[in-house]
Amino acid sequence: MRPAAALRTRIAPRLGGSPTTTTERGLAVGVLVLAALGPFVFSDYWVSFVLTQTFLIGIAAASMIFLSAYGGMISLAQVALYGIAGFALGNMITQAEAKGLNLGWNPWLSIVLAILITTAIGLVFGGVASRSFGIYFLMITLTYAVIVNYFFGQVTALSGFSGISGIARYAPDLVGGGTDRTRLYYTALIVAVLVYVLIRFLLRTPFGVALQGIRDDPVRMASLGYNVALHRTLAFAFGAFVASLAGILYVFWNGQIDPATVGLAGTIDLLIVAVIGGLARVEGAWLGAFAFIVINNYVRDVTVPLVGGSFKTIIGLVFLVIVLVSPQGLMGAWDRLMRFPGFRRRADAATETAPGPTAGP
Amino acid sequence: MRHTIRGSKLAIAVALLAAMLIMLAAACGGDDDDEAAPTAPAETDAEPGEEPSETGPIKVAIMTDCEGAFAFGYELDIGGAQAAFYEYAGAEPVDPATPSAGMNGGTVAGRDIEIVGYGCGDDTAATAVRETRRLMEQLDADIMLGPLSGDEAVAVAEYARDNPDKTFIIGTAGSQDPTLQIAPENVFRYHGDGAQWNAGLGEIVYKRLGWRRAAIIMDDYSFGWTSAAGIIADFCAIGGDITHRVFPPLNTTDYATYVQQLPSPDQVDGYFWVVGGTGTGSALQAFEQTHGPLDPTQHAGNLFFAFLGNFEAVAPRLVGSYVGGFGTAPGLQTEQAQAYEEIMGRWHPDLPAADGFVYNYYNAAWALIQGLEAAGGDLSRLEESLPTELRSGYQVSNGGNVTLDENRQAIQDQYPLQIVEGDDGNPTVEVIGMVPGVDQAFGGLFTSDSPPPGRDQPPCEQRELPWQGQIQLVEDGQVTEEVLE
C-alpha cells in the first residue's frame, strides 16, 4: 500500500471532523436554510451587524483552526494577515480620501491583488516559521502580529494610527457594502460556505492528509520522505489566503481599518473565538464567532456583580469555563453529546482498533 | 436495528429542538428595541427600519469612552449632556453623583426624550464604529451626541456620510477631518477642533518667553496631529521655527525612546507637548530622567497640561507654563459663564463645570434641544433647524454666541491658560488671554482640499492669522481691552 493511502487509513476517522451523523447533517442544512433566509427572518441589525460579522470573523477563525487542528500550528498571525489584506485593499481602492495612498484602482483588480499580496506574505511568514514548533512557532507568529500592527501605525503613507476610512463606498456592486448591507450579507455567507467546503476538500487531498500526518508525527513523516517544512509553509500560505478573504469582507463591512484592529487585542479576540468554538473542528470557527459577537453586543451595558467590568469580564469567564469544562470548545461539547448512544458516528467503528492519533507538537 | 430506530427518533427530536431554539433566537434578534435603556423607556411605536413616528419618543444616544486613554471622560461627557436635558427639557437625574445611572423624563416639543444608550468607546476607530452601529442600528437612536475622541470622530463622520437619516452632534472630538475633509451634512460640531483650541499659544510663548526655535512632541493620531497643527501654525505664523517633531503612539506607556528624539534644552528655546490622556505625566517624567528638571519657561502644552491631576507629581515644577485652551475659561467672570456654571452646579455639583468634556457635551445637547424645538419635534427638519448660533457659557465675542461655519463647524473664542500656584499652594490653571472668533480654516491655511493634519502637516510657514496681535489679556477672570504685546 502506498504511504499516502496507508496514512489515510490510519487517520481517516479524524479527517475534517466531518458531520457524519444524521443530526449534524440535518442541523447543518437547517442552519444554511435559515442563513439563506436571514434578511427575511432577522432584523436589519442582526443581518448587517451580528450575522455578517459572524460569517467574516468565522472565516478568519477558520484559517486559525485549519492551521491548529489539521496542521498542529497555532498561529497568532491570522488577524495580522487579514489586516494586511484590508490595508492593501483600502490603499488600492480608495481615491481622494483623507488617508492612505488613494490609488483609485479597479475594485476587482484591487481585491485580487490584496489576496495575492496577503498570500505571498503568508508564504514568506510561513517559510520563516515552518521549522519551529509549539510555543516557538506561536511566538514567531505573535511577532508577525506586532510587526504588522506597528508597521501600519508608523507608515503614515499607508495608514498611520488613525487608519483608512471610507472604503465601503468603493465596494463592487456585486459584493455589497456601504448601504447595500443585504448583498454584503449574502456575499459573506457564500464566501464562508465556500471556505468551509474548500477546507474540507483540501483535508482529503494528499496534501491535506500529509499535513495531518505532519501534525501528528513530523519526524516519522520526514523519514517517509515528506518535506515537512514545505508542507507547513504551504499550509500557512493557505491560511493567509483564507484570512485575506476575511480582511476584504471586513473593510467592506466596516468601511475602515486601523492598526488597532490588527493589534494585540484583536489577535487575542480571534484566539478566544477559536477556543470558544473549538480549535479541533473548523465548524467551531463560526460557532465561536457567533457566540463572541452576541456576547460582545448584548452585555456591554451589563456590570458583573462583585467583580465589576462588563463584556471583557464576561467573555473572560466564558473562556475560562470552556477551557476547564470543554477544552475542545463548544464543538467539543457537541461531539461528546453525539457520542451518546444513538448518535454514535458510523466512522467511530473504525477507531475501535486503530490507535487514536496523538496531538501534534 | 432497535438502537438505530431510537437513535433516529432522538436525532430528529434534537434537530427539532435546535430549530426551535434558532427560531427563538431569530425572534429575539428582531426585538432589539427592547434593549434596556438608561431612561425609563417610553412607548415605542417605530420598529427598526421604519420611518420614525412624529409622536413617539426621540431617541438619543450619547457616545463617549469608557476604556482607553480617555475613560475618565465617561461620566463627564454623560453628565454634561444630560444636564442640558435636566435644565431645558424637564428631565431629572437618577443619581446626581453618577450621570451614567441615567435620567428620567424629559420632553422637547411635546415629544419624550429617551436616552437609548451610552457608547463605550476606547478611543479607537474600530470600537467607535461598532458602538455607533449598536447605538444607531440596534437601539435605533435618531441622534448621537458624541463621540469623544479624534479618531472616533473621523470614523463616525464616515458612518454618518453613509447614514444621512441620522444626526450627529460631536461631543468633544478635536480632529479636523470630520468637519473639513469629510464634512457630511448631518454632522455638527459646536466647539473648536484641536487646532482652534491652541490658537494664541504660539504667539504667547513667542512674545512673552522669546521662543524662536521649538520642538514638538505629539500623540501619533488624528487629534494629536490636529492639536499640534494649531500650535505649529500659530507659532510659525509669527516667525517661530519648529525644529523637531516626535510622534509617540497614543497609549504609549514608556516614553523614553521618544524623549530621546527631542533635542536637548540648550538646542531649542522650548518644547510643545501634545501628549494626552494618561500619557502626559509619563512623558514629562521621561523627559526629566533624560534632560533634567523641567524649566517651566521651556515647556508649553495643549489642553492636557490643564489636567493637572494626571501628572500631579510633575505639575509643581511646571508652574508658570502656558497651556492651550479647550474652548473653556475656568474662572471667567461673565454673567453668561456664571449662569452656565450655576446650571451645572445645580444638577451635577461633583462635575467640574469648566472641564471641556462637560462643557462641550452640554453645548451639544443644548443645541439639540433648541433644534428640536425649532423643528417642532419633526426629525426630518432637525438638521435645518439646529441653531447656527449658540449662546455658550464661555463665549464673549459675537454677542456671546458660538457660530457655525458652512461646514457646521464652530467659530469660537479660545482661552490660553497658564499653570499658576493656587491659594492653597497647589498648582492650578488660570485664563490669561482671550483669542476672539477662531475659525477652523486658520485664515485659509486649512481647507477642504488641504491635506489633513499629519506628522508633517502643516509645514512651518510664516503667515498672517486673523487673530495675530489681537489676543486680549484676561486678568482675574475679566477680559480686558489690553492686547498682548
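Keep in mind it's a predicted model, so treat the numbers as computed, not measured. Quick note: numbers below take in every heavy atom, side chains included, and nothing from hydrogens, waters or symmetry partners. Below, chain A is the first sequence line, B the second, and so on; all start at residue 1.
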**Asked** Do Gln154(A) and Pro249(B) have side-chain heavy atoms sitting under 4.5 Å apart?
**Response**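 Yes - at least one pair of side-chain heavy atoms lies under 4.5 Å apart.
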
**Message:** When you compare the side chain of Glu158(B) with that of Ile167(A), does any pair of heavy atoms fall below 4.5 Å?
**Reply:**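 No, their side chains stay 4.5 Å or more apart.
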
**Message:** Within a 6.0 Å radius of atom CD on Gln261(B), are there more than 12 heavy atoms belonging to other residues, nucleotides or ligands?
**Reply:**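 Result for CD/Gln261(B): enclosed.
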
**Request:** Decide yes or no on side chain to side chain contact (heavy atoms under 4.5 Å, CB included) for Val129(B) and Gln256(A), but give the supporting numbers first.
**Result:** CA-CA 9 Å; Val129(B) 171; Gln256(A) 67 87 231; 4.1 Å; yes

**Message:** List the residues meeting ring-ring contact (aromatic ring centres under 6.0 Å, His included) with Phe247(B), not counting sequence neighbours, and say none if there are none.
**Reply:**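 Partners of Phe247(B) under the ring-ring contact (aromatic ring centres under 6.0 Å, His included) test: none.
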
**Message:** Is it true that Gln138(B) and Tyr45(A) share a donor-acceptor pair across their side chains at a distance under 3.5 Å?
**Reply:**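 Note: Tyr45(A) and Gln138(B) side chains meet the donor-acceptor criterion.
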
**Request:** Classify the side-chain pair Gln53(A)/Arg133(B) by whether it contains a donor and acceptor separated by less than 3.5 Å.
**Result:**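 On atom types as modelled, these side chains do not qualify, holding no pair under 3.5 Å.
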
**Prompt:** Based on non-hydrogen pairs under 4.5 Å, which of Thr124(B), Asp220(B), Asp162(B), Val154(B) is most in contact with chain A?
**Reply:**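 Of Thr124(B), Asp220(B), Asp162(B), Val154(B), Asp220(B) has the most heavy-atom pairs under 4.5 Å with chain A.
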
**Request:** Would you check if the side chain of Ser162(A) reaches a backbone N or O of Tyr221(B) as a donor-acceptor pair within less than 3.5 Å?
**Result:**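 Not at all, since once roles are kept as given, no pair shorter than 3.5 Å links the two residues.
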
**Item:** Which atoms of Phe223(B) approach chain A - backbone, side chain, both or neither, heavy atom under 4.5 Å
**Value:**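 Neither; nothing under 4.5 Å.
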
**Request:** Under 4.5 Å heavy-atom distance to chain A, tell me which part of Asn163(B) shows up: side chain, backbone, both or neither.
**Result:**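 Contact with chain A is through the side chain of Asn163(B) alone.
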
**Message:** Going by the rule side chain to side chain contact (heavy atoms under 4.5 Å, CB included), which residues pair with Ala97(B) if we only count those two or more places apart in sequence or in a different chain?
**Reply:**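 With neighbours one apart ignored, the set is Asp95(B), Asp350(B).
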
**chain B contact via Asn254(A) - which portion, at a heavy-atom distance below 4.5 Å** =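 Both backbone and side chain.
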
**Message:** Apply side chain to side chain contact (heavy atoms under 4.5 Å, CB included) to residues Arg134(B) and Phe49(A) and explain how you reach the verdict.
**Reply:** CA-CA 8 Å; Arg134(B) 181 177 72 88; Phe49(A) 191 83; 5.5 Å; no

**Request:** Check Phe161(A) against Trp225(B) and note the closest heavy-atom contact, atom names and distance.
**Result:**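 Shortest heavy-atom separation between Phe161(A) and Trp225(B) comes out as N-CH2, 4.5 Å.
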
**Message:** Looking at chain B, which one of Ile257(A), Val47(A), Asp258(A) has the largest number of heavy-atom pairs inside 4.5 Å, strictly under?
**Reply:**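 The residue among Ile257(A), Val47(A), Asp258(A) with the greatest pair count is Asp258(A).
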
**Message:** I need the residue from Gly266(A), Gly163(A), Gly255(A), Ser48(A) with the largest number of non-hydrogen atom pairs under 4.5 Å to chain B.
**Reply:**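 Most heavy-atom pairs within the cutoff with chain B belong to Ser48(A).
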
